[in-house]
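Residues take their numbers from the sequence shown, with the count starting at 1. No hydrogens, no waters, no symmetry mates; every other heavy atom, side chains included, goes into these values.
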Amino acid sequence: WFQGDNETKDHPNSPNMNRFRSLRSRLDFNNIGELPGVKTLFHARSYDDYGAGYRDVEAILNHFFSAGDFRVYWGEAGKIDSVIDLTHDVAVPFSPRLGPTWGILNSAATQAAGYQDQRLEISSSDFQCVEPLRSINPNGYNCTAPAAQLSETAIPFPVVYSTFPDGTNGTNYTRDRTEPAKGPGFLLYIKGVNTLVELEDGTLPAAGTEWTMRTYVGAIAGGQGREVDAVGPYSYTTQNQVRPFNVLGARAGFRYDVTNEVVASNQETLAKVHTVPDPYYVTSAFEATTTNKQIKFVNLPAVATIRIYSVSGILVRVLKAETTSFSGEITWDVRNRNNQFVASGVYFYHVTAENGESTVGRMTIVNYAN
């Protein structure tokens with residue numbers, strides 16, 4: 001998190017200790033940047049802050065994640081006017097549930113009877129009573145009350161970081177209920193990322209304030225051991241796997257500098273002319289009814305004449321192809337010059353291009369009399 005056009009805090013993720021291996025307690029919960037008027041910006045992690053079961057939460061929310069810069073625009077009285085995905089130039093929609101969306105979770109939303117979390121303070125674990133985590137997280141809280149709803153307006157309330165007692169690492173993520181409450185704040189969710197925001201003095205951002213959250217796909221490595229401030233130098237490794245294009249409202253555009261033009265036909269281009277389907281059996285995917293039969297000639301020149309003959313040399317039909325759309329197709333309704341369906345058999349077609357070049361082909365028709 002940062003305010004302005006770029007990150008402002010050195011080593012913003014350095015408080016994330018390797019507690020899973022070292023059994024060390026987190027010393028600093030401000031682990032994802034800095035913002036004016038905000039004391040702590042905390043993103044909970046499995047093993048560091050919860051046990052192994054919290055990986056299910058991370059796995060589910062990962063489906064809604066996408067890399068980019070997200071700008072939060074604050075309005076009056078703690079209401080967020082909008083969240084904009086600056087990278088893809090689209091608005092992130094608000095939703096009362098978790099998804100490729102945004103929303104705020106306040107203390108009042110999770111205080112009804114039936115929630116396993118009985119502390120009044122806000123913690124990152126409270127998200128687990130919001131859909132779809134409430135229903136599909138196999139190791140989650142047993143929330144028997146109606147699902148908690150996200151809001152567009154922040155209502156500050158004391159927060160708690162939800163850590164385990166020092167030197168422990170449980171297999172679930174029940175909170176350390178002995179942890180004292182911290183300052184007032186709220187939970188802010190944007191596209192798979194949940195942030196616990198602890199305010200300096202309980203004052204919400206003024207109207208017109210802008211916050212930016214930056215997410216990335218890949219891995220940042222670095223550090224010089226497990227001691228405090230043993231940071232840098234860093235290296236960034238990109239994620240090589242193709243990720244789904246899951247940005248709501250975004251569009252992918254392509255520009256081609258190709259000029260279509262009609263070129264003279266020759267034997268090589270005319271050799272590509274053929275009929276579809278071939279052989280023709282009674283009906284095909286082109287037909288709507290038994291009285292609407294279709295055979296297509298494809299890969300035709302822009303201007304061409306097709307003459308269809310029976311095996312005895314009788315002229316069955318003459319078709320004129322002339323197009324400005326470069327489709328290269330013409331449809332034959334499988335009728336002769338007397339508007340009758342042709343009989344089953346082998347037929348020959350002679351294609352003459354605009355420059356006099358020509359080719360001959362053969363097709364087979366298996367038809368029913370109408």
Trainee: Using side-chain hydrogen bond (donor to acceptor under 3.5 Å, both in side chains) as the criterion, list what pairs up with N266, not counting sequence neighbours.
Mentor: T269
Trainee: Can you list everything that forms a ring-ring contact (aromatic ring centres under 6.0 Å, His included) with Y73? Sequence neighbours excluded, please.
Mentor: none
Trainee: Would you confirm whether D85, through its side chain, and A91, through its main-chain N or O, come within 3.5 Å as a donor-acceptor pair?
Mentor: no
Trainee: I need the minimum non-hydrogen distance between E121 and V159, along with the two atoms involved.
Mentor: CB-C, 4.1 Å
Trainee: With distance as the sole test, does H43 use its side chain to make a donor-acceptor pair with the main-chain N or O of N194 at under 3.5 Å?
Mentor: yes
Trainee: Can you check whether G183's main-chain N or O pairs, donor with acceptor, with E198's side chain at less than 3.5 Å?
Mentor: yes
Trainee: I'd like to know if the side chain of Y280 pairs up with that of T275 as donor and acceptor (distance under 3.5 Å, no hydrogens or angles considered).
Mentor: no
Trainee: How long is the straight-line distance from CZ of R335 back to CZ of R317, given to the nearest 0.5 Å?
Mentor: 9.0 Å
Trainee: Applying side chain to side chain contact (heavy atoms under 4.5 Å, CB included) to N31 and F42, what does each step give before you reach the verdict?
Mentor: CA-CA 6 Å; N31 65 340; F42 173 52; 3.8 Å; yes
Trainee: Do I190 and V72 have side-chain heavy atoms sitting under 4.5 Å apart?
Mentor: yes
Trainee: Is the positively charged end of K293 above the ring of F341, judged by distance under 6.0 angstrom from the centroid and angle within 45° of the axis?
Mentor: yes
Trainee: For the atom pair CD (Q149) and CD (E131), what is the distance rounded to the nearest 0.5 Å?
Mentor: 9.0 Å
Trainee: Can you find a heavy atom in the side chain of F127 that is under 4.5 Å from one in the side chain of L196?
Mentor: no
Trainee: Please give me the minimum heavy-atom distance between N6 and R214, naming the atom from each residue.
Mentor: OD1-NH1, 2.9 Å
Trainee: Taking Q3 for the side chain and E210 for the main chain, is one N or O donor matched with an acceptor at less than 3.5 Å?
Mentor: yes
Trainee: Tell me whether the count of non-hydrogen atoms from other residues, nucleotides or ligands lying under 6.0 Å of CD in E200 goes above 12.
Mentor: yes
Trainee: Pair T215, S66 - check side chain to side chain contact (heavy atoms under 4.5 Å, CB included), show working.
Mentor: CA-CA 7 Å; T215 58; S66 61; 5.9 Å; no
Trainee: Would the distance check show the side chain of Y161 and the main-chain N or O of A44 forming a donor-acceptor pair, the cut-off being under 3.5 Å?
Mentor: no
Trainee: What's the shortest heavy-atom distance between A67 and Y216, and which atoms?
Mentor: CB-CA, 3.9 Å
Trainee: Could you tell me if the side chain of I80 sits less than 4.5 Å from the side chain of W211, heavy atoms only?
Mentor: no
Trainee: Applying ring-ring contact (aromatic ring centres under 6.0 Å, His included), which residue pairs with at least one partner in residues 78-100 are found, sequence neighbours left out?
Mentor: F94-W102
Trainee: Checking the side chain of N355 only, and the main-chain atoms of A264 only, is there a donor and an acceptor separated by less than 3.5 Å?
Mentor: no
Trainee: Heavy atoms only: give me the nearest W74-A206 pair and the separation to one decimal.
Mentor: CB-O, 3.9 Å
Trainee: Taking side chain as C-beta onward, heavy atoms only, is L188 less than 4.5 Å from M213?
Mentor: no
Trainee: Using the side chain to side chain contact (heavy atoms under 4.5 Å, CB included) rule, take I60 and L98 through it: C-alpha gap first, then chi angles, then the decisive distance, then the call.
Mentor: CA-CA 10 Å; I60 294 169; L98 305 174; over 6 Å; no
Trainee: Could you check whether T153 and S151, counting side-chain N and O atoms only, form a donor-acceptor pair closer than 3.5 Å?
Mentor: no
Trainee: Below 30° counts as parallel, above 60° as perpendicular, anything between as tilted: where do the rings of H11 and Y234 land?
Mentor: tilted
Trainee: State whether the side chain of T195 and the backbone N or O of V197 hold a donor-acceptor pair below 3.5 Å, judged by distance alone.
Mentor: no
Trainee: Only one of I308, D333, V316 forms a side chain to side chain contact (heavy atoms under 4.5 Å, CB included) with V342, so which one is it?
Mentor: V316
Trainee: If you define the side chain from C-beta out and look only at heavy atoms, does anything of V193 sit under 4.5 Å from F65?
Mentor: yes
Trainee: Is any side-chain heavy atom of I306 closer than 4.5 Å to a side-chain heavy atom of L300?
Mentor: yes
Trainee: Ring-plane angle category for W332 and Y347, please: parallel below 30°, perpendicular beyond 60°, tilted otherwise.
Mentor: perpendicular
Trainee: Should F348 and R362 count as side-chain neighbours, where that means a heavy-atom distance under 4.5 Å?
Mentor: yes
Trainee: Step by step, would you call T352 with H350 a side chain to side chain contact (heavy atoms under 4.5 Å, CB included)?
Mentor: CA-CA 7 Å; T352 304; H350 180 270; 3.0 Å; yes
Trainee: Quick check: does any side chain N or O of Q267 sit under 3.5 Å from a backbone N or O of S358, one acting as donor and the other as acceptor?
Mentor: yes
Trainee: Please check: side-chain N/O of N336 versus main-chain N/O of N338, any donor-acceptor pairing under 3.5 Å?
Mentor: yes
Trainee: Could you tell me which non-hydrogen atom of P156 sits nearest to which non-hydrogen atom of L199, and how far apart they are?
Mentor: CG-CD1, 4.0 Å
Trainee: How does the hydrophobic cluster around V318 look, that is, which other residues are in it when side-chain heavy atoms under 4.5 Å mark a link?
Mentor: Y309, L315
Trainee: Test question: given the 4.5 Å side-chain rule for I, L, V, M, F, W and Y, name all other residues clustered with L248, or answer none.
Mentor: none
Trainee: Suppose clustering is done on Ile, Leu, Val, Met, Phe, Trp and Tyr with side-chain heavy atoms closer than 4.5 Å. Which residues sit in the same group as F254?
Mentor: Y256, V258
Trainee: Might you work through the salt bridge (charged side-chain N to carboxylate O under 4.0 Å, His left out) test for E58 and R55, ending with a clear yes or no?
Mentor: CA-CA 5 Å; E58 295 168 331; R55 293 178 302 177; over 6 Å; no
